[in-house]
2 protein chains.
Amino acid sequence: MPSSDLAAPARDRVTVVTIARRAGVASSTVSRALNGDPRISAATRERIAAIAVELGYMPDALARTLSGGRSGLIGLVLGPVENPFYVAMLEEVVAQAAARGLRPLILHLGAQAIEAETMRALQQYRVDGCLVTSARLSSDIADLCGRRGVPVVMLNRVTRLRASSVSCDNLGGAAEMARFLLGQGHRRFALVGADTASSTALEREQGFSQALAAAGLQPLRLSGGNSSWLGGYAAGERMAALPPAERPDAVFAVSDIMALGVMDALRRHGLRVPEDVSVAGFDDIAESARPTYALTTVSQPLVPMVRRGLDLLLARIQEPDLPDEVTLLRGRLTLRASTRERPPAA
Amino acid sequence: MPSSDLAAPARDRVTVVTIARRAGVASSTVSRALNGDPRISAATRERIAAIAVELGYMPDALARTLSGGRSGLIGLVLGPVENPFYVAMLEEVVAQAAARGLRPLILHLGAQAIEAETMRALQQYRVDGCLVTSARLSSDIADLCGRRGVPVVMLNRVTRLRASSVSCDNLGGAAEMARFLLGQGHRRFALVGADTASSTALEREQGFSQALAAAGLQPLRLSGGNSSWLGGYAAGERMAALPPAERPDAVFAVSDIMALGVMDALRRHGLRVPEDVSVAGFDDIAESARPTYALTTVSQPLVPMVRRGLDLLLARIQEPDLPDEVTLLRGRLTLRASTRERPPAA
DNA sequence: TTGAAAGCGTTACCAG
DNA sequence: CTGGTAACGCTTTCAA
């Protein structure tokens, strides 16, 4: 027989019923066998499993969900991805979620406001839980999820909202950076912040300036607009324009992406890093490790952060009444060539 | 009873049946009314609509799918996101998909191989279609989708696989860049390629060298490893190490991210861009527009590409028998400061 | 150890 | 115009 059915007739879906008929058992038996119900005899289990494989059976996640189970879908609400840190986070989330059998459904991505349509999707698809990385968008989502009993975990954000959160110890990390720079002999500091309402940026600013205050110092504050390379670049230009006597000998930007902008601006205006100015950041994005930047920074423990975030989320999916929980993970100082020791002032 | 049920008892789901009972009609009527079936009287339609709003009804996408409809889910298969171009593409896809009522389900993201688990998800969640941006991963997916009758569209890839595709006219764009550089008076060229099996890189290499060949010239070929900043940087270093007499006066890298690496390496080794060497790329990622790079490049028409991709996908979701289609969109030369005219050799 | 049947929330078909 | 009912594919009682 030719059997050249290349244009395969979209063969009908293989379901538990198909298998049940083939095996001469009830569909419920098939379901149980395939799900490892201990009550099914080893013999039937194996027979059914064999048929399932032979027929290329794939359980239907939707039907399974409808019948009372979990969807296996987690909603992702992501802020702007201009900052590579969030891209790295997304990558890590996708990898770890897959390893746990969860599928990430992108509900939102970008700086703009959340649309009503998005909020709808959250409910219509029965996401088991939500992972949120955006500060600005968090309240709407957290609100809705709270009402619908969908657990929410915020990554890289602390919040007073009804949600759990995992983030770096921003205060402590920034303070450690300040102390490190002080120890290197720097005395004139600039602090490049971001105007966003993000807890992250705020805490880092605080941590840094508090640690300086403890040494009786106060940084020159440069606002960098939103947390972006361009924001950092603008701040760097303003810094380069200062009269040499007023120029800081160390800058700390609240995010790496801004620190890179600062560095580029300084160099472009003839200042050397680190010879003339030390530059430091926070996050440890991949770009910071490039030889051309070699940025000293506070490394965020990305992998553990995501792991913890998923732990929290899964725990609340299984046990919806668990109280919200806030996790802080300590960052690690990563020293590179963008900072250098300053000899005591002549 | 105090009725202080702050811990709201996860109020039961509002379904068509809830509404039907409340309105004293059949659930099928509710369904029809809510879906704008013209047979329902305006009166009942409004009454039902009002109740739906009042109760905060949300249709269940899963049940709807199970009952024969589309899931509204499109599977995303993404390659490595180290290259910002793909991040921008993701952002655009998410935005445009949402505008069309589609939800992106991330099936895969990253350089590593596709896991069996991923292939399963594709089937289990009944994705209506798939968008693929990764060269290496495409064949498995396209294969499976083909068998399951799920339409696939490749973005930024051409392929002989069973799928439609949308990409930039890589050959033409690269050739145009070559002619532009020739017109500027460059005569000694370097071509930084990538070893990946990606059609994109290959076509750009071909387009560039063919156009040079037409002028009787041949570029110095520098392999840049995988298409990454580091790959470009390595190529740039090798180039900087050449004796001045052999040094090219123009470099074309097959992707912006590599071109930036090349530029950084050249500068780090004391060569000026564009004074000593012109550098050009392909893609026009956001970084290329930074004043520190100001890279001359071929801009990919990202927005139209994604629009076309979704058009193709939707068309095939509604009409599965449409033949595969390949779309090529022309890129546009974007001139910036990384290239400059060379006076005729003294 | 297994079968039968109900139910999840929608839509679609067939009557009326 | 509207109601009843089956069907989508699965899990889960309840019986046997």
Side-chain angles (χ1 to χ4, degrees), chain A residues 10-49 51-52 55-73 120-121 123-128 148, chain B residues 10-49 51-52 55-73 120-121 123-128 148:
Chain A
R11 67 147 185 279
D12 324 67
R13 202 170 267 280
V14 177
T15 76
V16 279
V17 180
T18 323
I19 300 181
R21 269 200 292 264
R22 194 78 171 306
V25 300
S27 62
S28 48
T29 303
V30 174
S31 172
R32 288 190 273 247
L34 260 24
N35 290 320
D37 188 311
R39 301 176 307 183
I40 301 295
S41 74
T44 16
R45 184 202 317 291
E46 279 166 27
R47 192 157 49 92
I48 289 178
I51 299 183
L55 266 44
Y57 169 74
M58 278 281 121
D60 185 312
L62 276 48
R64 184 176 277 176
T65 305
L66 191 56
S67 134
R70 297 278 158 213
S71 68
L73 255 28
R120 255 174 239 133
Q123 311 174 59
Q124 300 187 329
Y125 287 92
R126 299 216 194 170
V127 297
D128 293 340
R148 309 279 302 195
Chain B
R11 70 150 183 279
D12 323 67
R13 203 169 266 279
V14 178
T15 76
V16 279
V17 181
T18 324
I19 301 181
R21 269 201 291 263
R22 194 78 170 306
V25 299
S27 62
S28 46
T29 303
V30 174
S31 173
R32 287 190 277 248
L34 261 22
N35 290 320
D37 188 312
R39 302 176 306 184
I40 300 294
S41 75
T44 13
R45 184 202 316 291
E46 281 165 27
R47 191 157 50 92
I48 290 177
I51 299 183
L55 266 44
Y57 169 73
M58 278 281 122
D60 185 311
L62 275 47
R64 186 175 275 177
T65 305
L66 189 58
S67 140
R70 297 278 160 213
S71 68
L73 258 25
R120 256 174 238 135
Q123 311 174 59
Q124 299 188 329
Y125 288 92
R126 298 218 195 169
V127 297
D128 293 340
R148 309 281 301 194

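The chains referred to below are lettered A, B, ... by the order of the sequence lines, with proteins before strands, and numbering in each begins at 1.
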Next on the checklist: At less than 4.0 Å, is any side-chain N or O atom of A/Arg39 found next to OP1 or OP2 of C/dT1? Yes or no.
Outcome noted: no

Next on the checklist: Determine whether a donor-acceptor pair (N or O, by modelled atom type, separation under 3.5 Å) exists between the side chain of B/Tyr125 and the backbone of A/Ser71.
Outcome noted: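 Confirmed, B/Tyr125 side chain pairs with A/Ser71 backbone.
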
Integer-rounded Å distance: [N] [atom2] and [X] [atom1]:
X        : N      : atom1 : atom2 : result
A/Gln124 : C/dT10 : CD    : C1'   : 12 Å
A/Asp60  : D/dC8  : CG    : C1'   : 9 Å
A/Asp37  : C/dT1  : CG    : C1'   : 10 Å
A/Arg70  : C/dC8  : CZ    : C1'   : 14 Å

Item to check | Any pair counted as salt bridge (charged side-chain N to carboxylate O under 4.0 Å, His left out), so long as it reaches residues 18-34 of chain A, sequence neighbours left out | outcome: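 Qualifying pairs, neighbours excluded: A/Arg22-A/Glu54.
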
Checklist entry - Taking five pairs at each end, how big is the angle between the two axes of the helix from C/dT1-D/dA16 to C/dG16-D/dC1, to 10°? => result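 Axis angle across the helix from C/dT1-D/dA16 to C/dG16-D/dC1, nearest 10°: 50°.
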
Next on the checklist: Quick check: do A/Asp60 and A/Leu62 have side-chain heavy atoms less than 4.5 Å from each other?
Outcome noted: yes

Checklist entry - Do the side chain of B/Arg47 and the base of D/dT2 come within less than 3.5 angstrom through a donor-acceptor pair of N or O atoms? => result no

Item to check | Pair of N/O donor and acceptor under 3.5 Å linking D/dG9 base with B/Arg126 side chain | outcome: no

Checklist entry - Between D/dC1, C/dA4, C/dT10, which nucleotide gets closest to the side-chain atoms of A/Arg32? => result C/dA4

Item to check | Residues in contact with DNA chain C, drawn from residues 23-30 of chain A - heavy-atom cutoff 4.0 Å | outcome: A/Gly24, A/Val25, A/Ala26, A/Ser28, A/Thr29

Item to check | Atom pair OG1 (B/Thr65) and CG (A/Leu66), whose distance is rounded to the nearest 0.5 Å | outcome: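 If I round to the nearest 0.5 Å, the distance is 10.0 Å.
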
Checklist entry - Say you draw a straight line from OG1 of A/Thr29 to CD1 of A/Ile19; how long is it, rounded to the nearest 0.5 Å? => result 12.0 Å

